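Right, one structure below, let's go through it.
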Amino acid sequence: MMSRGGTRLTSSVMAAVGSRYFSAATVRTLSDEVATTAWIRAPVVGLRYESTLALGDKERQEEKPAASGLGAGGSSGKDEKTVVSYWGIQPGKVKKDDGTEWRWSCFRPWETYQSNTSIDLKKHHVPVTLMDKLAFWTVKALRWPTDIFFQRRYGCRAMMLETVAAVPGMVGGMLLHCKSLRRFEHSGGWIKALLEEAENERMHLMTFMEVAQPRWYERALVFAVQGVFFNAYFLGYIISPKFAHRMVGYLEEEAIHSYTEFLKELDKGNIENVPAPAIAIDYWRLPANSTLRDVVMIVRADEAHHRDVNHFASDIHYQGRELKETPAPLDYH
């Protein structure tokens, strides 16, 4: 430790006074000798650390010319931030079909799709068993405070809804993932299907954030609701997956109802039918002149597909089978 500390101190002193008392060649020679001494004396466990330090000195010298071309805030004219990494990882550039550069890093062109808006929106699973009725009335009870809080502010209501709707797919996919690892078995594609559902719901949120910005207390509410709902759904899925999927099916039915009311307000002119956000146009492959109404229709169709998938998953459990025994409806949009 003492020899390493003395070596670093010597290197710092030589760098500070070398330009005054020695020629540039002499300073470089002494610095190289110090670096070599540090490398030889370093313990085996510190080899990577020492090599990283040496590389960092070189990178800092190379960064200076590049940084001179950056504007305020460390961004270039295109607002791009360059990350210098020892590991040599560089993000690949993706182009669209027309040859233009792909602007989104949160999803890629091959992850986009066109939703089937002709899906039956009125389908409903009639609760028969006690567990179905419990799931149905749980969702109805959750809707009541939401109606009171948001009333007809459907933009903020949509954001709040998506922060909750994106949780079940992630929780279910995570638990099935762990189960697959414990049992050394396949999942029938259900891990991917549920994680795709969670990602799709999150993209709904990213889209509506471009339309309506939540207030500070709405953000606080999301923080609280997500914490409670995540843990409650986690426990519910462990106890009874068929109840958990049935509840999500009813939750998606309520989402369809909410977006239908959203469309009515747009048609009445109570909500301005602004142009569709750019992220929505690329994610759902919408025409360039699409509007908010087109986006809401697509999102409502997505919710209908999630409704079908979760009711289907619950039916599989009700028939005494596991999800892995039935192929998952992948790419069901």
Side-chain angles (χ1 to χ4, degrees), residues 119-120 122-147 160-202 204-205 222-258 302-330 332:
I119 187 171
D120 187 357
K122 297 181 179 179
K123 289 171 66 176
H124 168 65
H125 181 276
V126 179
V128 178
T129 66
L130 177 61
M131 191 167 293
D132 281 357
K133 292 179 180 179
L134 179 61
F136 178 78
W137 288 110
T138 298
V139 173
K140 287 294 184 182
L142 293 174
R143 177 184 168 181
W144 177 72
T146 306
D147 290 341
M160 180 66 180
L161 177 65
E162 299 302 342
T163 60
V164 173
V167 170
M170 180 59 66
V171 172
M174 176 185 67
L175 290 175
L176 287 180
H177 174 77
C178 294
K179 182 179 180 180
S180 175
L181 297 178
R182 290 194 310 270
R183 295 188 176 183
F184 302 92
E185 63 186 16
H186 292 283
S187 68
W190 280 96
I191 296 174
K192 184 177 180 180
L194 293 178
L195 293 181
E196 282 183 349
E197 175 187 315
E199 174 63 11
N200 181 247
E201 298 284 10
R202 192 185 67 85
H204 293 174
L205 175 63
V222 168
F223 190 88
V225 170
Q226 187 184 82
V228 173
F229 183 74
F230 179 93
N231 289 285
Y233 190 81
F234 180 86
L235 292 175
Y237 200 98
I238 291 177
I239 295 171
S240 176
K242 61 183 175 183
F243 167 80
H245 282 294
R246 186 69 78 202
M247 191 184 77
V248 176
Y250 288 130
L251 185 66
E252 300 294 357
E253 290 183 16
E254 290 297 330
I256 295 171
H257 172 76
S258 295
D302 283 349
E303 305 295 3
H305 287 90
H306 299 329
R307 170 203 63 192
D308 294 351
V309 170
N310 280 277
H311 280 314
F312 175 56
S314 183
D315 288 344
I316 294 173
H317 284 291
Y318 265 103
Q319 295 172 20
R321 305 172 67 182
E322 294 190 26
L323 293 182
K324 66 174 184 177
E325 299 176 28
T326 304
L330 295 172
Y332 178 65

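Just so it is clear, the structure is predicted and the values come from calculations on it, not from any experiment.
- Under the side-chain hydrogen bond (donor to acceptor under 3.5 Å, both in side chains) criterion, E197 pairs with N310, sequence neighbours left out.
- For residues 236-247, the pairs satisfying salt bridge (charged side-chain N to carboxylate O under 4.0 Å, His left out) are D132-R246, R246-D315, with sequence neighbours left out.
- In this view, Y237 and H245 satisfy the side-chain hydrogen bond (donor to acceptor under 3.5 Å, both in side chains) rule, not counting sequence neighbours.
- Applying the salt bridge (charged side-chain N to carboxylate O under 4.0 Å, His left out) test to every pair with at least one member in residues 161-172, sequence neighbours left out, gives no pairs at all.
- Remark: F243 engages no residue in a ring-ring contact (aromatic ring centres under 6.0 Å, His included) (not counting sequence neighbours).
- A donor-acceptor pair under 3.5 Å is formed between the side chain of W190 and the backbone N or O of T326.
- For K140, the side-chain contact (heavy atoms from CB on, under 4.5 Å) partners two or more places apart in sequence, or in a different chain, are F136, W137, R143, E254.
- Not counting sequence neighbours, H306 has no partner by the ring-ring contact (aromatic ring centres under 6.0 Å, His included) test.
- Take D308 and apply the side-chain contact (heavy atoms from CB on, under 4.5 Å) test, not counting sequence neighbours, and it matches I119, K123, Y332.
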Would you mind writing out the side-chain donor-acceptor pairs for residues 165-181 within the sub-3.5 Å range, not counting sequence neighbours?
residue : atom : partner : partner atom : Å
K179    : NZ   : E322    : OE1          : 3.3
S180    : OG   : E185    : O            : 2.4

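- T138 and Y250 are not linked by any side-chain donor-acceptor pair at a separation below 3.5 angstrom, with hydrogens and angles left out of the test.
- With sequence neighbours left out, the side-chain hydrogen bond (donor to acceptor under 3.5 Å, both in side chains) criterion links E253 to H124, H311.
- By the side-chain contact (heavy atoms from CB on, under 4.5 Å) test, T163 pairs with M160, L205, V222, sequence neighbours left out.
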